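Below is one structure; the comments refer to it alone.
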Amino acid sequence: MNKQERVFAILLGVLLVGWMVYNYRTGVARAQARAAAPAEAGERAAAVPPAETALTAVPEAPQAEPEPAPAPAAPLEPEVPVELVGDEWAVVVSSHGAAVKQVTLNGFTSRPGKPGADNPPVTMAFDAAPALALTGLPGLAANASYGVSRDASGRSALFKAVTPQGLAVTRRIELAGAYQVKVTDTVRNAGESVVTLGTNGVRLGVLTRGVSKNETLSLDALPAALGAKVRYGDKDKETKGLFGGGGGGCGGAPSAAGM
């Protein structure tokens with residue numbers, strides 16, 4: 001290789017190194033520019049406050065309240081009260097609905113003290129809504145008029161009603177022991193059309209409470225299951241201290257007022 005060729009090779013090497021350095025610096029500058037571009041865009045976006053949107057509450061559509069069921073019309077036949085008398089209590093059953101309207105506990109007085117004209121037995125009234133009324137039977141109102149036949153013993157009665165469609169309902173109400181009322185209902189379709197049952201039931205009734213809290217204490221807790229025993233208020237451990245002598249009613253020592 002002569003002198004001229006050496007000079008040419010050296011110049012070519014210098015140009016190659018220079019091109020490599022230039023290309024490297026240009027690539028670094030471009031990378032830095034690309035990295036800085038999103039940050040600047042984010043800063044500009046952050047500098048511009050978001051547009052406020054007014055929130056308008058959408059009024060809820062008013063919900064229509066369910067209309068109460070119309071009260072059944074009063075029967076045309078006059079009401080016949082039937083009093084069933086047991087050993088220590090009496091139950092008045094109305095011919096309108098064959099339902100219980102009043103219960104009297106002869107063994108308990110309305111207020112502490114001896115029984116008398118000014119301290120009568122505890123009376124529970126179901127005037128607002130009679131107890132044990134049949135509901136939901138097709139064609140038979142809860143206060144429908146029933147025919148009545150009393151038993152000679154005075155402890156039971158038979159009530160019968162027939163709808164215009166031929167649905168015959170027979171109810172027997174009898175006073176059992178331990179302050180229990182035995183009710184037997186028989187429903188028979190004597191008409192030509194098919195009657196679908198399934199919406200019928202028995203109304204518990206509304207008890208009108210008196211001014212004395214002894215009336216609540218005088219109510220015995222009846223069993224909720226077969227074979228369970230009745231809990232008597234004057235014998236139960238938690239409540240017997242509130243009951244005393246005086247002819248089997250509430251005594252005059254401890255008063256139930258204020259409990």
Side-chain angles (χ1 to χ4, degrees), residues 79-134 148 150-159 171-185 202-259:
E79 181 182 21
V80 178
V82 180
E83 184 178 24
L84 306 179
V85 180
D87 296 334
E88 296 182 351
W89 65 321
V91 176
V92 177
V93 183
S94 172
S95 63
H96 289 174
V100 176
K101 294 202 68 175
Q102 181 176 299
V103 176
T104 302
L105 305 178
N106 296 323
F108 301 94
T109 54
S110 299
R111 288 179 292 275
K114 295 182 179 181
D118 56 346
N119 193 13
V122 171
T123 299
M124 296 173 289
F126 296 87
D127 296 329
L132 306 180
L134 285 171
V148 181
R150 297 179 175 86
D151 187 76
S153 65
R155 301 176 68 96
S156 65
L158 199 65
F159 301 84
R171 163 170 282 195
R172 177 181 172 83
I173 299 180
E174 179 182 1
L175 299 187
Y179 298 103
Q180 298 183 56
V181 178
K182 182 179 179 181
V183 180
T184 305
D185 291 329
V202 177
R203 180 186 298 165
L204 294 180
V206 177
L207 172 63
T208 302
R209 182 183 174 187
V211 296
S212 172
K213 294 186 178 182
N214 279 338
E215 296 185 13
T216 302
L217 295 174
S218 299
L219 300 181
D220 298 320
L222 298 181
L226 294 177
K229 295 182 179 180
V230 179
R231 297 182 62 181
Y232 296 97
D234 60 339
K235 296 182 177 66
D236 194 66
K237 181 179 179 181
E238 288 79 8
T239 58
K240 68 178 181 179
L242 300 172
F243 297 89
C250 295
S255 172
M259 292 191 60

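These values consider heavy atoms only, across backbone and side chains, with no hydrogens, waters or symmetry-generated copies. Positions are given from 1, in the same order as the sequence printed here. A quick note: this is a predicted structure, and the numbers were derived from the prediction, not measured.
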Q) From L132 CG over to I173 CD1, what is the distance, rounded to the nearest 0.5 angstrom? A) 6.5 Å
Q) Looking at CD of E174 and OG1 of T184, how far apart are the two atoms once the value is rounded to the nearest 0.5 Å? A) 8.0 Å
Q) Given side chains that start at C-beta, do those of V181 and L175 come closer than 4.5 Å, heavy atoms only? A) yes
Q: Would you sort out whether R155 and V85 count as a side-chain contact (heavy atoms from CB on, under 4.5 Å), showing the intermediate values?
A: CA-CA 5 Å; R155 301 176 68 96; V85 180; over 6 Å; no
Q: Can you sort out the partners of S156 under side chain to side chain donor-acceptor pair (under 3.5 Å), two or more places apart, ordered by chain and number?
A: R172
**Q.** Contacts of D185 that satisfy salt bridge (charged side-chain N to carboxylate O under 4.0 Å, His left out) - sequence neighbours left out
**A.** R171
Q: Under the side chain to side chain contact (heavy atoms under 4.5 Å, CB included) rule, collect the residues that match up with P120, sequence neighbours excluded.
A: S110, R111
Q.
Please give me the minimum heavy-atom distance between K114 and N119, naming the atom from each residue.
A. O-ND2, 3.2 Å
(Q) Please enumerate all residues that pass salt bridge (charged side-chain N to carboxylate O under 4.0 Å, His left out) together with D118, with sequence neighbours excluded. (A) none
Q.
I'd like to check the side chain to side chain donor-acceptor pair (under 3.5 Å) partners of E79; sequence neighbours left out, ordered by chain and number.
A. S94, K101
Q: Of all the heavy-atom pairs spanning N106 and P121, show the shortest one and how long it is.
A: CA-CB, 3.9 Å
Q. Does the side chain of E88 come within less than 4.5 Å of Y179's, by heavy atoms?
A. yes
Q: Kindly give the heavy-atom pair with the smallest separation between A99 and P130, and that separation in Å.
A: CB-CB, 3.5 Å
Q) Are the side chains of L84 and V93 in touch, meaning some heavy atoms are under 4.5 Å apart? A) yes
Q. Mind checking what makes side chain to side chain contact (heavy atoms under 4.5 Å, CB included) contact with V103, not counting sequence neighbours?
A. W89, V91, V100, L105, M124, F126
Q) Between R203 and A129, what is the shortest heavy-atom contact and its length? A) CD-CB, 4.4 Å
Q.
With rounding to the nearest 0.5 angstrom, report the CZ to NE2 distance, F159 to H96.
A. 11.5 Å
